[in-house]
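Take a look at the structure set out below.
The shown structure was predicted, so the numbers you read here are calculated from the model rather than taken from an experiment.
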Amino acid sequence: MNQLPVSIAPQASEPIYVQIREQLRNLIVGGILPDGEILPSLRELAEQLSCSLVTVRRVYADLEREGLLSVRKGIGTFVKADTIMNARDLCRVQIEHILDQAVALGRLYSIPDAEIGYMLDDILQNGSPGKG
């Protein structure tokens, strides 16, 4: 099995699983990992990146939920890029992911959901936060 062009930065502010997930997503969406490509096993990728098996399992599960991977028990994990219908669908997935992260951050700092909604409305109406 060839190594994936993925690396982690343990000192980075993003959790390791997010770093790996984003890199794999970009490799799939960018066509570097084509539809049907078999990925390393959980254990192989964990060893390659010197991270835990649980971390890689979470990454694969997240990408499977997004429709970018297909996990076949006992066989392997495969790229499922054929599910990316067009750039608009892909953009929608990425926007939903970013919005999910924004809501999670707001909740982490106890910002009420309604206030987060007002912030988004302000951005949509005025182009960027804090204007208007």
From [X] atom [atom1] to [Y] atom [atom2], the distance as rounded to the nearest 0.5 Å:
X	Y	atom1	atom2	value
L69	L33	CG	CG	9.0 Å
I75	S41	CD1	OG	14.5 Å
F78	E37	CZ	CD	10.0 Å
T55	L49	OG1	CG	9.5 Å
Q3	L45	CD	CG	9.0 Å
E14	Q19	CD	CD	6.0 Å

Shared hydrophobic cluster, [X] / [Y] (ILVMFWY, side-chain heavy atoms < 4.5 Å):
X	Y	result
V18	V54	no
L105	M119	no
I8	I32	yes
L120	I95	yes
I38	V71	no

Yes or no on side-chain contact (heavy atoms from CB on, under 4.5 Å) for E22 and H97, after CA distance, side-chain angles and deciding distance?
CA-CA 11 Å; E22 298 307 309; H97 174 70; 3.0 Å; yes
Are S7 and Q23 close enough, and set up right, to give a side-chain contact (heavy atoms from CB on, under 4.5 Å), and what steps lead you there?
CA-CA 8 Å; S7 62; Q23 290 177 69; 4.1 Å; yes
Minimum heavy-atom distance between I28 and V79, given as atom pair plus value:
CG2-CG1, 3.8 Å
So, for L4 and P40, which heavy atoms are closest and what is the spacing to 0.1 Å?
CD1-CD, 3.6 Å
Can R25 and D62 be said to form a salt bridge (charged side-chain N to carboxylate O under 4.0 Å, His left out), step by step?
CA-CA 10 Å; R25 182 185 292 122; D62 286 354; over 6 Å; no
Among L24, T77, I20, L39, side-chain contact (heavy atoms from CB on, under 4.5 Å) partner for L63:
L24
Side-chain touch E66/K80, heavy atoms, less than 4.5 angstrom:
no
C51 side chain reached by V56 side chain, heavy atoms, under 4.5 Å
yes
Check whether any side-chain N or O of N126 sits under 3.5 Å from a backbone N or O of D122 as a donor-acceptor pair, and report yes or no.
yes
